[in-house]
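Here is the structure we will look at, set down as structure tokens.
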There are 2 protein chains.
Amino acid sequence: MESSSVCDENSEETGCSTLGVDSIDYSRTISDVSSFSERSEEHSGPFEMRSRGWPIAKLVDRPSPVLSRLSMKQRADVLKRRPTEDELELIREKFSKLLLGEDMSGSGKGVCTAAAISNAITNLYATVFGTCHKLGPLSREKKSMWRREMDCLLSVCDYIVEFYPSSQKLPDGSTVEVMATRPRSDIYVNLPALEKLDAMLIDILDSFRKPEFWYVDEGKQSFNSASQSFRKLSHRNEEKWWLPVPCVPDSGLQEKGRKELQKRRDCANQIHKAAVAINSTVLTEMEVPESYLAPLPKSGRLSVGDSIYRYMSTLDRFLPDYLLDCLDISSEHQALEMADRVEAAMHVWRRKASMAHSKSSWNVVKELVVDGDKNVVLASRAESLLLCLKQRFPGLSQTTLDTSKIQYNKDVGQAILESYSRVLESLAFNIVSWIDDVLFADKSARNG
Amino acid sequence: MESSSVCDENSEETGCSTLGVDSIDYSRTISDVSSFSERSEEHSGPFEMRSRGWPIAKLVDRPSPVLSRLSMKQRADVLKRRPTEDELELIREKFSKLLLGEDMSGSGKGVCTAAAISNAITNLYATVFGTCHKLGPLSREKKSMWRREMDCLLSVCDYIVEFYPSSQKLPDGSTVEVMATRPRSDIYVNLPALEKLDAMLIDILDSFRKPEFWYVDEGKQSFNSASQSFRKLSHRNEEKWWLPVPCVPDSGLQEKGRKELQKRRDCANQIHKAAVAINSTVLTEMEVPESYLAPLPKSGRLSVGDSIYRYMSTLDRFLPDYLLDCLDISSEHQALEMADRVEAAMHVWRRKASMAHSKSSWNVVKELVVDGDKNVVLASRAESLLLCLKQRFPGLSQTTLDTSKIQYNKDVGQAILESYSRVLESLAFNIVSWIDDVLFADKSARNG
């Protein structure tokens with residue numbers, strides 16, 4: 001575990017995140033981060049990475065089984081000291097509220113465990129990082145709160161297991177087949193990776209302890225005071241005047257500092273891609289809720305519209321990128337609407353294809369039918385169109401299906417992996433954006 | 001808090017109760033305790049007590065609001081020391097398993113929180129007291145396990161609240177009406193009482209540290225060894241030869257010891273009545289599950305049978321005790337069957353009465369209709385017959401409706417109060433029975 005995440009012995013542990021019953025915003029990234037054109041060539045989404053192999057493998061070594069089994073112990077060791085009575089009380093409070101499913105009347109009419117934990121992780125992230133707009137170490141209190149409460153929420157994963165056939169040696173030397181348990185494979189693979197990404201992001205923030213640049217809170221800034229620094233203010237976020245603006249020395253950053261900054265940006269960007277990849281994988285594996293499928297139109301053509309349908313169904317070779325070029329989607333809003341339509345059509349065609357093959361599941365059908373079935377072809381084309389679309393708009397909000405999956409998900413393990421990867425994705429995206437703000441200010445200073 | 005329940009600083013805390021998915025036996029008392037005729041006049045059930053006022057008030061002072069609000073703190077103080085990392089891990093494990101609802105696959109297909117906590121309390125009781133067949137202090141390990149794990153399970157209650165209208169003074173001196181929260185009233189009243197009863201029972205067991213009597217494990221006993229004491233063996237539990245048998249000195253117990261024993265028996269008996277009263281109250285307040293109501297017959301007459309129905313419906317003055325005398329119920333099995341039939345009929349008549357009055361709930365209907373409506377009269381008579389029956393058979397297992405209520409209950413607060421009072425009732429019943437065994441041996445020795 002990184003030293004940066006070790007709590008201070010004397011840290012005052014105050015405050016706690018709210019477990020509200022308010023509706024949660026599952027949007028992929030915090031929306032008040034503006035996009036930056038210089039970044040676009042770097043920011044090509046998770047899919048390019050994925051095509052070169054499992055992205056996490058590059059960033060994090062797969063933990064040894066023993067380490068993974070002891071992951072709770074590992075997390076507990078982060079504290080490196082005896083817990084206090086306050087901590088015990090906090091843990092009891094957190095868990096009790098989760099057990100009540102956010103229904104404090106105790107009547108059991110609250111949300112299920114999966115939703116309660118997902119909301120708790122989302123709310124904890126908002127409490128700790130919601131007011132964070134600058135590159136710099138988290139306060140001791142916030143860091144300790146983040147570690148302690150995530151520790152508590154993630155510890156549920158240590159008790160989620162799957163059975164596997166194993167053999168046991170009897171005293172007489174013979175062996176019998178038995179079922180043994182081990183950590184569930186999706187958790188075993190993804191949770192240690194997410195914990196590593198988390199620690200790396202906190203490390204990046206910690207590395208800005210004595211930066212060359214500084215922030216000016218433009219909203220509170222008067223023109224007379226600190227006019228020296230104010231002249232250097234760069235207006236990358238002109239429409240977001242309330243956000244602090246990074247300032248650099250007149251001559252820009254030092255060469256070494258600039259390179260260091262670029263390195264951290266690359267690192268945060270890799271972390272972002274890894275978090276996106278895990279989040280997408282978990283979302284893909286989540287069950288499609290019946291409430292999403294039921295109101296879908298009978299024909300996929302209705303969903304995507306005639307012109308797109310004609311392009312998808314007539315050509316022998318389908319070029320999703322060419323189709324997207326023709327469609328000329330200019331805003332994220334348009335892109336999201338298109339993603340929703342294509343995803344809906346995909347599920348209509350999958351359903352039709354499955355119905356035609358004795359109601360087998362889509363995974364079975366797509367293996368069975370290599371080609372020929374029109375619905376199978378259309379569903380596959382819709383899938384690749386959706387991938388292309390998401391690749392072009394990496395900061396795209398979650399689709400209607402994604403939101404619906406999160407809302408109706410009952411699986412506790414998936415809920416934890418999805419929400420943890422989602423908030424890390426958001427934090428990584430923000431760090432990249434804050435670094436870009438500083439790099440922009442540096443460029444302006446050197447050019448000006 | 002009683003000193004007896006303070007954990008030892010050096011106690012080795014090992015083992016933990018199993019949270020199995022096995023079906024739980026909700027039977028009112030552990031069945032291997034035989035009944036003892038000498039006890040019957042003492043053992044007249046909760047209802048006699050209740051008629052003289054709220055039974056708990058006699059045993060326990062109602063806690064002050066401040067104390068009650070701090071009940072978690074109070075419980076934490078039981079430990080009177082810093083928690084260890086092991087304790088923290090145990091708490092995480094307990095809560096995580098509750099959150100998973102006993103479904104360790106994490107798929108969220110387990111039981112609801114109410115059922116998970118109810119099962120956990122039942123299982124913890126079985127683990128700690130299931131092998132306990134003698135009067136004597138609990139082992140340090142078991143006592144510590146009972147306290148720590150109950151502490152954990154009960155702490156959920158500290159976060160169950162209800163709203164009440166209150167007023168807040170504004171800085172300008174005016175007041176506004178606001179909604180404030182306070183502990184839910186059923187928990188506020190019953191939980192401190194149950195905790196007190198719990199501590200008193202542990203105290204009674206602790207008081208047998210150096211008793212005048214001793215136990216012989218008859219199953220392991222050889223006739224040659226210890227023949228001196230074996231002659232004194234009394235066979236109150238002849239059919240349960242595997243249970244340890246209490247032995248007393250040749251001349252019986254000393255006068256002082258016998259009086260002391262009788263005092264403890266009376267105390268345990270009062271605790272038993274109090275626990276029964278709380279358990280009955282909570283069960284009465286629990287919602288009747290739809291799955292119980294749906295398959296009920298259309299007529300109550302079908303349920304109770306013609307002869308009982310005739311007696312219940314024709315006489316102007318209904319004497320339930322006289323009816324029970326006529327029925328000549330000899331076994332607990334017969335009594336339970338009768339209780340099930342009467343309870344079913346009661347709900348049929350209540351349903352009919354409610355339907356006739358614009359589907360109002362039973363509580364409203366019975367207030368509105370003082371007399372005249374035949375279904376209201378029949379339902380009330382069935383209720384008093386059921387009470388009489390339960391009074392005659394105080395050790396009666398739970399009825400089908402009770403079991404069904406516990407099974408389908410979603411209310412976390414009621415689940416905790418019901419299961420806690422049920423296990424305390426069982427422990428108190430056993431202690432009374434064990435004391436009776438010693439008193440029987442004493443009587444035999446003095447007569448023999």
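Here is the naming used below: chain letters follow the sequence lines, and residue numbers restart at 1 for every chain.
Results of the side-chain contact (heavy atoms from CB on, under 4.5 Å) test with B:Met104 over A:Ile160, A:Thr181, A:Val161 single out A:Val161 as the only residue that passes.
Side-chain atoms of B:Ser155 and A:Phe95, non-hydrogen and from C-beta on, never get closer than 4.5 Å to each other.
The line from NZ of B:Lys109 to SG of A:Cys112 is 12.0 Å long, rounded to the nearest 0.5 Å. Within the model, atoms CZ of B:Arg184 and OG of A:Ser105 stand 6.5 Å from one another, a figure rounded to the nearest 0.5 Å. With values rounded to the nearest 0.5 angstrom, B:Tyr159 atom OH is found 4.5 Å from A:Glu93 atom CD.
In summary, B:Asp158 and A:Arg92 do not engage in a salt bridge, as defined by a charged side-chain N under 4.0 Å from a carboxylate O.
Per-residue counts of heavy-atom pairs under 4.5 Å with chain B were compared for A:Ala415, A:Gly108, A:Gly413, A:Gly106; the largest is that of A:Gly106.
The two residues A:Val156 and B:Ser96 come nearest to each other via the heavy atoms CA-OG, 3.4 Å.
In terms of modelled atom types and a separation under 3.5 Å, the side chain of A:Thr113 and the main chain of B:Leu99 share a donor-acceptor contact.
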